[in-house]
Amino acid sequence: MNESNLFDIVLFGSTGDLVTRKLLPSLYSAHIHKTINAKGRIFTLGRKDLTNQEFYDFAYAKISQYIDKIDKSSWDDFCKRIHYFKIEASTASDYQLLFNTLNHDVTNIYYLSTDPSLFKTICLNLANAKLNHPKSRIVLEKPLGNNLETSNDINDFVSKFFTEKQIFRIDHYLGKESVQNLLAIRFGNTLFEALWRRQWISSIQITIAETLGVGSRGAFYDKTGALRDMLQNHLLQLLCIVAMEPPISLEPDTVRNEKLKVLQSLKPFTEEMVLNNVISGQYKSGTIGGVNVNGYLNEENIPPNSHTETFVALKAEIQNWRWAGVPFYLRTGKRLQEQMAEIVIQFKDIPVKIFPFSANNFANRLIIKLQPNETVQLYFLAKQPGDTNDLKPVYLDLDFNKMFTNRRNDSYERLLLDVIAGNLTLFVRHDEQEAAWKWVEPILNTWKKLNYSPKLYTAGTWGPATASALLARDGVSWHEEIM
Ligand code: BG6
């Protein structure tokens, strides 16, 4: 039985997608694996007038879609922790009732998984009800605003009531085992460090590709687009982990200081750079895995003339001693050919070739696959057996699922455990978020000013042809193009 870190966690927006798809399944998993305090309580807040039992039934029906075979007796046991609480986010007196219900001697966690337009109201009401006491923590889900100004506005407001050490800004990519392993690979070994710099690396690609479309999130997504939804946060966080200097410890601010320096070293975009180095796309109908899928404009709640991008690829440069001159190609999109996330480190070519060389021999390449399977592959050239000196690409292939058989936490489970334990290392600091928005904003401004439309791409492909041309200009190809 776990008796440390006693908590009351309050989930705002409990009948919404995130709570039923991610947060409750994660807490349920932590419950059955006994990684949270047995007496920790969960308060699920929503506007609907539900009894506890009605909420349990509603949640069970939802969660059964995401967890195979929930054991009914463990579920019933888990439900003893859950208390449904009807609340109007803007009604101050409802917070007084919440105050009377929570145990203020233990850690109180408020998880805001509502529309961000409610964040300020909720914060103010929490504060007015004296719920922002030293033992409280607040968790903010992305998107936090939709540009630098609105993000700063929310952050500044929240920080009137909670100190930076009480604010947990979630980027669920940081909770992924594979992303933490990236830190371990870089900073737990000497092997790569000597080579991890401009002298030996010619380019780096980071891709998060999805086969899914926008589904039922059309109304949200159309205001957001791929740049804000994925690049400003998940892709830039991955870039930080790939490019940061070795931190001197895993202390939250030590790690976050190093990530911040990367974001601050990104070469700012001019209008001309946006036009040359940023590609946006929008999917049209196509076929994925043999199934016909709609184009973006035919998805639910999308205006017929929408110019929202569902794909973005760009070339970034980091202006520091380690990385100057090394292009970082970042790419993400919906309805692409494959569901995967990977980082491709291309080392420089050998200085002198003494073996016969054929053009499609690629080598000196490290591929770190983050999902769906977590693998590391190191490609190099080796001599084929025989009486010639022909070289062929071969690879060392490490599959973490085979190497470690321990249970892997879902990213939200890991992050919730960290919030309960008060560990901020895997959460984004205000200044990191600000630097990320600052860098991305000229792209948004240029698109707006020039009334820029994304290029169409067929669903089930790797995005618009211009994304390949972006790399071809530098004599580089996306990894899948040369496999
Ligand atoms: C979310 C985005 O942050 O990340 C979604 O809002 C996206 O649009 C999701 O689908 C991808 O996360 P994962 O963990 O499935 O790669």
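Counting convention: from 1, in listed order, for ligands and their atoms alike. This one's a predicted model, so the numbers in the text were calculated from it and none came from an experiment.
Taking atom 12 (O) of ligand 1 as the reference point, the nearest protein heavy-atom neighbour is His172 NE2, 3.1 Å. The protein heavy atom nearest to atom 14 (O) of ligand 1 is Lys176 NZ, 2.6 Å. Among all protein heavy atoms, the one lying closest to atom 16 (O) of ligand 1 is Tyr173 OH, 2.4 Å.
Salt bridge Glu480/Arg331: present, at least one basic N to carboxylate O contact under 4.0 Å.
The distance from ligand 1 to the heavy atoms of Lys334 drops below 4.0 Å at these ligand atoms: 5 (C), 7 (C), 8 (O), 10 (O). Each of the following atoms of ligand 1 lies closer than 4.0 Å to a heavy atom of His234: 1 (C), 3 (O), 4 (O). Residue Lys142 approaches ligand 1 through these ligand atoms, each under 4.0 Å from one of its heavy atoms: 1 (C), 2 (C), 3 (O), 6 (O).
Of the possible polar contacts, one joining the Tyr56 side chain to the Ile82 backbone as a donor-acceptor pair under 3.5 Å is found.
Shown here is Gln65, whose CD atom has more than 12 heavy atoms of other residues, nucleotides or ligands within 6.0 Å. At most 12 heavy atoms of other shown residues, nucleotides or ligands fall within 6.0 angstrom of atom CG in Leu250.
If you check each of Glu210, Arg217, Gln371, Gln339 against atom 5 (C) of ligand 1, the one with the closest non-hydrogen atom is Arg217. Looking at Asp410, Asp229, Thr224, Leu370 and measuring to atom 6 (O) of ligand 1, the nearest heavy atom belongs to Asp229.
Judged by a 6.0 Å distance limit and a 45° cone about the ring axis, Lys120 is positioned over the six-membered ring of Phe157.
A centroid separation of 6.0 Å or more is found between the aromatic rings of Phe43 and Phe85. Here Tyr452 and His307 keep their ring centres 6.0 angstrom or further from each other.
No part of Tyr221 comes within 4.0 Å of ligand 1, judged by heavy-atom distances.
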